[in-house]
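So the structure is just underneath, and the comments pick up after that.
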Amino acid sequence: MRMTRLHAPTLKETPKDAEVASHQLLVRGGFIRKLAAGIYDYLPLANRVLHKIERIVREELDAVGCQEVRLPMVQPAEIWEESGRWGFYGPELLRLKDRRGGEFCLGPTHEEVIVDLVRRDVRSWRALPLNLYQIQTKFRDEIRPRAGLMRGREFLMKDAYSFDVSEAAALESYDQMYAAYERIFARCGLDFRAVEADSGAIGGSRSHEFQVLAETGEDAMVACTHCGYAANIEQAEVPAPAAGEPASVPSVETVATPGKRSIEDVSAFLGLPAAKLVKTLIVEADDELYAVLLRGDHELNEIKLRKHLGAAVVSLADEKRVKQQTNAPIGFAGPVGLTGVKAIVADHAVAGLDGGVTGANLVDAHLANVQAGRDYQATFADLRFAQDGDACPRCSGELRAFRGIEVGHVFYLGTKYSDAMRCMFLDEEGKDTAMVMGCYGIGISRIMAAAIEQHHDDNGIRWPIALAPYTVAILPLQMNKDDVVQAAERLYETLRGAGVDVLLDDRKERAGSKFNDAELIGSPIIIAIGGRGLANGEVEVKLRATGEKRDVAIDQVSAFVAEHLR
RNA sequence: CGGGGCGUAGCGCAGUCUGGUAGCGCACUUGCUUCGGGAGCAAGGGGUCGGAGGUUCAAAUCCUCUCGCCCCGACCA
């Protein structure tokens with residue numbers, strides 16, 4: 001491609017509405033433009049990157065027997081009502097009406113459509129397993145789109161769905177997809193971790209996320225330093241600490257804590273570390289009130305609490321309700337003598353506290369030397385978020401905290417959708433049986449952003465070779481010198497003939513502009529041709545990834561490029 | 001949805017407090033010079049100041065309403 005023909009409007013200045021590196025560089029490099037919040041145009045460079053990602057995905061999925069389909073983006077409400085998600089999905093589902101008033105939505109995901117497709121035509125165990133996928137634009141009306149392509153409302157996604165005869169067979173499909181995903185992300189040049197995850201709104205029981213490690217990532221996770229355990233922080237288990245010898249704790253004592261409501265305030269006021277305090281949260285779970293006890297330095301994981309209580313929704317009770325029901329003012333609530341709650345549940349770590357400080361259920365007072373079991377009764381469970389330094393739930397190692405960008409997610413769904421939508425087959429005994437499903441997503445457009453988050457410097461993008469829109473950029477440095485122009489043209493034709501994705505910067509720009517744009521756009525190999533080097537029969541080859549420069553004889557360049565791209 | 005901020009040329013901004021000629025840098029067009037890390041000189045083109053209503057002799061500027069966008073919190077590929 002010639003730069004004079006390429007529609008890649010580069011910018012010198014960083015657009016003010018872009019904050020993260022990938023967003024800034026994609027806009028500056030002329031890869032994307034914004035149409036509306038969370039909705040972007042992909043320009044030719046971005047489109048090339050997306051095609052390269054898609055190609056890797058297709059090759060790996062086809063290799064494990066998946067088949068590509070293309071499903072409608074506009075979906076009728078009926079199938080969503082069948083699965084029960086029309087009511088459940090909420091405002092993130094963009095709903096529309098056709099001219100007759102019929103209700104539709106823009107597909108945020110395609111479980112309903114694919115189940116409807118499969119149940120029509122698949123009747124026999126002989127047709128299974130079946131794994132269908134598509135690469136398509138999805139729309140989710142996110143509350144707050146942000147960070148460019150990292151969280152858009154419209155985005156490109158690969159979604160796959162597996163159908164099997166049994167749970168065992170479905171788990172095999174799951175493992176096969178898991179392995180394919182590892183190959184895909186590795187080929188994309190990404191540094192990633194697969195972590196255990198909560199299965200969230202899509203439903204199901206077994207689930208892994210593929211997280212690209214990046215400080216700007218929205219997700220927090222922990223991984224063991226010793227074994228392979230890694231999990232999203234929402235999911236990460238915290239083992240109960242081994243019970244020690246019960247210490248003898250002096251009896252409860254009331255201490256005055258005027259105006260000290262928060263853990264920080266009380267901790268500073270009493271000169272005690274937060275780990276010696278107990279925080280008491282009054283939580284509303286399906287209209288019942290519970291007191292939830294956590295160590296002062298720990299955070300409540302609402303997902304764990306919800307599962308523990310078997311509740312559909314949990315939220316912090318509002319101030320009025322807390323006062324009314326428990327007589328405990330906000331900030332001074334405690335478990336001792338607490339009334340008006342259905343039960344007291346405590347995180348394991350609270351049991352290990354030999355005498356903690358809790359609220360006294362009185363204004364401006366706390367209790368010291370409070371002992372679970374002696375001074376109040378509670379049930380114990382794993383209720384908090386894991387933290388850096390926690391013990392590994394699988395081995396004797398320790399957990400480290402990471403941040404990441406979720407680029408893929410695999411779910412074991414079981415028969416959630418096939419039951420709800422009657423997706424059945426006849427097994428070998430002629431018995432009508434629900435298919436066992438899995439579903440598997442990859443954020444194609446998000447990979448493009450994640451790759452940049454991981455591979456960039458102050459000058460621009462450093463594309464992994466597999467994703468680069470053009471792997472080689474040729475820069476004739478003086479357009480007024482015929483020998484320079486001709487050498488560049490010859491090299492351009494040679495590399496093109498060899499099937500290399502090559503960009504020739506034939507603009508009448510000065511050397512500085514060409515170098516800067518080439519580095520911004522991020523071609524892995526930048527070849528500078530100037531009169532100075534040409535006099536010795538050499539050109540300068542610069543590797544974008546490392547910044548390494550070397551002079552290469554002009555008749556060796558082609559071989560050098562081929563070698564490097566291999 | 002709650003909190004904070006911003007809408008003036010393609011991009012980045014000044015002007016708004018204190019009403020009176022719409023301005024700067026980059027980009028763009030033309031000419032000459034320059035040519036290995038974002039050149040110089042000269043001449044140009046480009047604006048319903050987000051939108052609507054109001055106050056006023058006069059509104060980018062004051063008032064009311066509205067739309068859009070960004071950032072921080074609960075959702076997800």
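Every chain is numbered from 1 and lettered A, B, ... according to where its sequence line falls, protein lines coming before strand lines. Computed from a predicted structure; not experimentally measured.
- Rounded to whole Å, the separation between the P atoms of G15(B) and U61(B) comes to 15 Å.
- Within the 4.5 Å cutoff, side-chain heavy atoms of I32(A) are placed close to those of V27(A).
- One C1' atom belongs to U33(B), the other to U16(B), and the distance between them is 43 Å to the nearest Å.
- Residue contacts shown for D159(A) are absent, as no nucleic acid heavy atom lies under 4.0 Å away.
- By the 4.0 Å N-to-carboxylate-O rule, K158(A) lies too far from E68(A) to be salt-bridged with it.
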Go along nucleotides 28-39 of chain B 5' to 3' and tag each nucleotide: B for a protein heavy atom under 4.0 Å from its base, S when only backbone or sugar atoms are that close, - otherwise. ------BBBBBB
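- For the C1' atoms, the distance linking A42(B) with G5(B) amounts to 42 Å, nearest Å.
- Contact annotation: the side chain of Q478(A) never approaches that of P476(A) to less than 4.5 Å [non-hydrogen atoms, C-beta and beyond].
- Nucleotide G46(B) has no partner under the Watson-Crick or G-U criteria, as no pair reaches both atom distances under 3.5 Å.
- Residue contacts for G30(A): at a heavy-atom cut-off of 4.0 Å it reaches no nucleic acid atom on any strand shown.
- The partner of A14(B) cannot be assigned: no Watson-Crick or G-U wobble pair with both contacts below 3.5 Å exists in any strand.
- Using the Watson-Crick or G-U wobble rule with both distances under 3.5 Å, G73(B) pairs with C1(B).
- Base pairing of A52(B) is made with U64(B), judged by Watson-Crick or G-U wobble geometry with both donor-acceptor distances under 3.5 Å.
- The residue T14(A) sits close only to the backbone: its heavy atoms come under 4.0 Å of sugar-phosphate atoms, none of a base.
- Atom name P, nucleotides G46(B) and U29(B): the rounded distance is 15 Å, in whole Å.
- E142(A) comes within 4.0 angstrom of a base, heavy atoms only.
- Pairing partner, C57(B): G20(B), with both Watson-Crick or wobble hydrogen-bond distances short of 3.5 Å.
- Comparing the C1' positions of G12(B) and C6(B) gives an interatomic distance of 14 Å, to the nearest angstrom.
- D62(A) and Y133(A) share a donor-acceptor pair across their side chains, judged by distance under 3.5 Å alone.
- Rounded to an integer number of Å, the gap from R33(A) CZ to C11(B) C1' is 9 Å.
- For the C1' atom pair drawn from U18(B) and A60(B), the interatomic distance equals 15 Å after rounding to whole Å.
- Between the CD atom of E209(A) and the P atom of C76(B) there is a distance of 10 Å, given to the nearest Å.
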With 3.5 Å as the limit, what N/O pairs link the protein to nucleotides 44-47 of chain B?
none

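- The two residues F411(A) and Y174(A) come nearest to each other via the heavy atoms C-CE1, 3.6 Å.
- Between D505(A) and R507(A), at least one side-chain N (NZ, or NE/NH1/NH2) sits under 4.0 Å from a carboxylate O, which counts as a salt bridge.
- Between the P atoms of C69(B) and A74(B), the separation comes to 22 Å (whole Å).
- A 3.5 Å limit on both hydrogen-bonding distances identifies no Watson-Crick or G-U partner for G37(B).
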Could you go through Y89(A) and R95(A), starting from their C-alpha distance and side-chain angles, then the distance that decides it, and tell me whether this counts as side chain to side chain donor-acceptor pair (under 3.5 Å)? CA-CA 11 Å; Y89(A) 217 94; R95(A) 294 154 214 253; over 6 Å; no
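- Using a 4.5 Å heavy-atom threshold, the side chains of L6(A) and Y470(A) count as touching.
- Within the 4.5 Å cutoff, side-chain heavy atoms of M177(A) are placed close to those of N131(A).
- The same atom, P, is picked in C76(B) and in G3(B); the two are 25 Å apart, to the nearest Å.
- For U21(B), the O4'-C1' to base torsion is within 90° of 0; the nucleotide is therefore syn.
- Within the 4.5 Å cutoff, the side chain of Y440(A) has heavy atoms near those of the S173(A) side chain.
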Across nucleotides 66-73 of chain B, 5' to 3', mark each nucleotide with B, S or - according to how protein heavy atoms within less than 4.0 Å reach it. ---SSBBB
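- With both pairing distances under 3.5 Å, A27(B) is matched to nothing as a Watson-Crick or G-U wobble pair.
- Taking atom NE2 of H110(A) as the reference point, atom P of A77(B) lies 14 Å away to the nearest angstrom.
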